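Worksheet: one structure, shown below.
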Amino acid sequence: MTVLETLQTQLLTNPLNWFLSAFLLYVVRTYFTPVPYHLPISKHPEVTVFREYTPKQLREFDGRSLQTKIYMGVRGKVYDVTKGRNFYGPDGPYGNFAGRDASRGLAKNSFDLEMLTPVDQPLDTLEDLTREELESLREWHAHFEGKYDFVGKLVNEERSPVNPSSRWSGK
Ligand code: HEM
């Protein structure tokens, strides 16, 4: 009697052998099937690219608009004040400074709206500030320098990046 005949007889005489055969097949199949190996998906840490911001571009970083980050300008420098969201967020006491050049307000210790230069006007030169006001601004600036990341420079509109459509026009 061949092996196949023995197997056939066994299967016909005892139905339990069907289950045992099926289990055996399953074990053999599992043994030869490669286990899929999933590599952990690496996520790049968030990076901030240092760049120039015009007043209008800075405005987007007021914590309300498209950007969730909050940036603030102090004496031509842009700071990421997102971690101070309690101060500069939409409901914060200094929310007026978010996305704006706060220099004049810091110099005069006022967060009133009239301290802010409209974003379509050239940057505040601060030339009219008194010695005391400049000192106040200097102290605030040192505070920001020590607490927040310096992420960019505040520039006037005309120094904004070249319009791509005119870049190749030969003008
Ligand atoms: C009624 C008067 C004021 C009170 C009671 C007050 C209170 C405070 C307090 C408690 C802090 C938090 C300090 C900390 O935790 O480090 C703070 C921070 C600050 N205040 Fe005032 N403040 C007043 C007026 C002003 C004014 C007029 C300005 C306008 C320039 C101003 C601008 C700031 C700024 C920029 C910060 C720093 C927030 C930061 O670290 O990012 N404050 N103030």
Side-chain angles (χ1 to χ4, degrees), residues 30 33-171:
T30 312
T33 308
V35 179
Y37 178 68
H38 297 290
L39 281 171
I41 298 167
S42 305
K43 210 171 159 233
H44 197 284
E46 198 184 343
V47 288
T48 304
V49 179
F50 186 91
R51 50 166 273 212
E52 295 185 341
Y53 295 85
T54 64
K56 279 183 191 168
Q57 289 168 333
L58 189 66
R59 188 74 209 262
E60 289 174 24
F61 295 83
D62 63 357
R64 298 182 181 88
S65 321
L66 294 175
Q67 307 286 345
T68 50
K69 294 239 171 214
I70 304 178
Y71 288 177
M72 191 172 135
V74 186
R75 286 169 95 197
K77 288 181 160 188
V78 175
Y79 293 92
D80 180 349
V81 298
T82 312
K83 67 179 176 189
R85 191 173 285 278
N86 287 348
F87 294 126
Y88 311 105
D91 302 320
Y94 314 124
N96 282 351
F97 290 155
R100 304 299 290 268
D101 176 10
S103 308
R104 180 166 290 270
L106 293 173
K108 291 183 176 278
N109 277 313
S110 163
F111 41 80
D112 292 344
L113 277 174
E114 56 262 34
M115 292 293 127
L116 305 170
T117 306
V119 293
D120 55 357
Q121 285 181 21
L123 288 170
D124 193 343
T125 59
L126 307 169
E127 280 169 349
D128 60 315
L129 295 184
T130 65
R131 186 188 294 263
E132 290 74 31
E133 288 167 344
L134 282 170
E135 180 55 20
S136 163
L137 177 56
R138 200 194 55 74
E139 283 172 14
W140 274 119
H141 193 185
H143 171 80
F144 283 92
E145 193 70 38
K147 184 170 179 182
Y148 299 111
D149 287 338
F150 169 35
V151 294
K153 282 197 328 190
L154 196 53
V155 295
N156 273 315
E157 201 68 42
E158 58 269 24
R159 284 190 57 202
S160 57
V162 179
N163 179 351
S165 60
S166 67
R167 189 175 288 176
W168 309 110
S169 65
K171 286 178 192 166

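Residue indices begin at 1 and follow the sequence shown. Note that ligands are numbered from 1 as they come in the structure, with each ligand's atoms numbered from 1 the same way. Given the structure is predicted, the values throughout are model-derived calculations rather than measurements.
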What class does the angle between the rings of Y71 and Y53 fall in, given that below 30° is parallel, 30 to 60° is tilted and above 60° is perpendicular?
perpendicular
Excluding sequence neighbours, so at least two apart, what forms salt bridge (Lys or Arg N to Asp or Glu O under 4.0 Å) with E135?
R138
Donor-acceptor pairs under 3.5 angstrom involving side-chain atoms of residues 41-50: please list them, not counting sequence neighbours.
none

Atom pairs, nitrogen or oxygen, ligand 1 to protein, under 3.5 angstrom:
| unit_1 | atom_1 | unit_2 | atom_2 | d |
| --- | --- | --- | --- | --- |
| ligand 1 | 20 (N) | Y94 | OH | 2.8 |
| ligand 1 | 22 (N) | Y94 | OH | 2.7 |
| ligand 1 | 40 (O) | H143 | NE2 | 2.7 |
| ligand 1 | 40 (O) | K147 | NZ | 2.7 |
| ligand 1 | 41 (O) | Y88 | OH | 2.5 |
| ligand 1 | 41 (O) | Y148 | OH | 2.3 |
| ligand 1 | 42 (N) | Y94 | OH | 2.8 |
| ligand 1 | 43 (N) | Y94 | OH | 2.7 |

Quick one, R104 with L116, criterion side-chain contact (heavy atoms from CB on, under 4.5 Å). Give me CA distance, side-chain angles, the key distance, then yes/no.
CA-CA 7 Å; R104 180 166 290 270; L116 305 170; over 6 Å; no
For T130 and E133, work out which heavy atoms get closest and say how close.
N-OE1, 2.9 Å
Taking ring-ring contact (aromatic ring centres under 6.0 Å, His included) as the definition, give me every residue that meets it alongside Y79, ordered by chain and number, with sequence neighbours left out.
H141, F150
